[in-house]
Amino acid sequence: SIEIEEDIREALQAVGSALPSFAQRERLMAASERVGISYYLMGFPAASTREADTCVQLAAAAEAGSFSLKLVAMCRANEDDVTTAARVAHESGRMIFSDIFCGVSPARMAVEGWSIADVSAQFRGAISRALDCGLGVRISLEDASRAQPSDIELVIDMLSKYPIDTVTICDTAGALLPEEAHDLTRWLAVRINNQTTKIGWHGHNDKGLALANALASARGGANVLSGSFLGIGERAGNVALEQILYLLWEAGSRRHDLR
């Protein structure tokens, strides 16, 4: 079955969006709980002290309300970001997943001056820190849609040593066509080939194909589809979750409450 991730962090980064108050973010989180969203990427705690404090408050509210949402904190592949996410978990008393991301495409690595060996080392350090802190671990392969398969393979082989909840393919620039999204997801699912790690899809709408690509990725084996309500996100936005949820309902799924 398909699980849904609400990436409110994308909406917060959208150009022209006003930064919502804590009360507004709490209401949005509660709405995701009512709908039946599985993962809630609540924010990027290491971005600022204010954001970290807000994430603590959100996690504490979810714990007080006995929410079933799996809360996720975005982290770059470095130990400092993971330590900040661990602070959120500790101060709120809520179990948190760290979503550890790093660019894997030639373009991203060239900008940062990294090799794929550097990327793997960063992932290893961040994952080890997350596990030491008692955090759940998810991995996002930033710009995977423009990466070399051999580079992704090297990272996936390294990840196989760790208990990873989800490995997410990020079509960061909205570059793929639906058949490409399907084939990349199928290839990664075969490459990972275990029953405990889910395959996630996170796409952008630069070519107007976010919905089509998400559906194609699901057909290719993605278990978790990431997006935002109304499709609000960076640049052209992300897949609109209300569209995904309606199509799942139409296909017979009753996992989510559309009332």
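No donor-acceptor pair closer than 3.5 Å links the side chain of Glu234 to the backbone N or O of Glu10. Using a distance-only test at 3.5 Å, with no hydrogens or angles considered, a donor-acceptor pair links the side chain of Asn205 to the main chain of Ala210. Under a 3.5 Å cut-off, the side chain of Thr172 and the backbone N or O of Asp143 do form a donor-acceptor pair. Panel note: side chain Asp81, backbone Arg76; a donor-acceptor pair is recorded below 3.5 Å.
Salt bridge status for Lys70 with Glu5: absent, with no side-chain N to carboxylate O gap under 4.0 Å. A salt bridge does not link Arg34 with Glu6: none of the charged nitrogens is closer than 4.0 Å to a carboxylate oxygen.
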Handout entry: Derivation and outcome, side-chain hydrogen bond (donor to acceptor under 3.5 Å, both in side chains), residues Arg25 and Thr54
Key = CA-CA 9 Å; Arg25 289 175 68 172; Thr54 299; 4.6 Å; no
Practice task
I would like to know whether Ser160 and Asp157 meet side-chain hydrogen bond (donor to acceptor under 3.5 Å, both in side chains); could you show each step before the answer?
Solution key: CA-CA 5 Å; Ser160 67; Asp157 287 345; 5.6 Å; no
Handout entry: Pair Tyr246-Glu242, side-chain hydrogen bond (donor to acceptor under 3.5 Å, both in side chains): steps then yes or no
Key = CA-CA 6 Å; Tyr246 174 75; Glu242 62 272 14; over 6 Å; no
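Looking at Thr197, Leu131, Thr196, Val137 one by one, the single match for side chain to side chain contact (heavy atoms under 4.5 Å, CB included) with Pro163 turns out to be Leu131.
A distance of 7.5 Å separates OG of Ser226 from CG of Leu241, quoted to the nearest 0.5 Å. Atoms CZ and CG, on Arg129 and Asp80 in that order, are 9.0 Å from each other to the nearest 0.5 Å. Between Phe67 atom CZ and Leu58 atom CG the span is 10.0 Å, to the nearest 0.5 Å.
Nearest heavy-atom pair across Ala214 and Val239 is CB-CG2, 4.4 Å.
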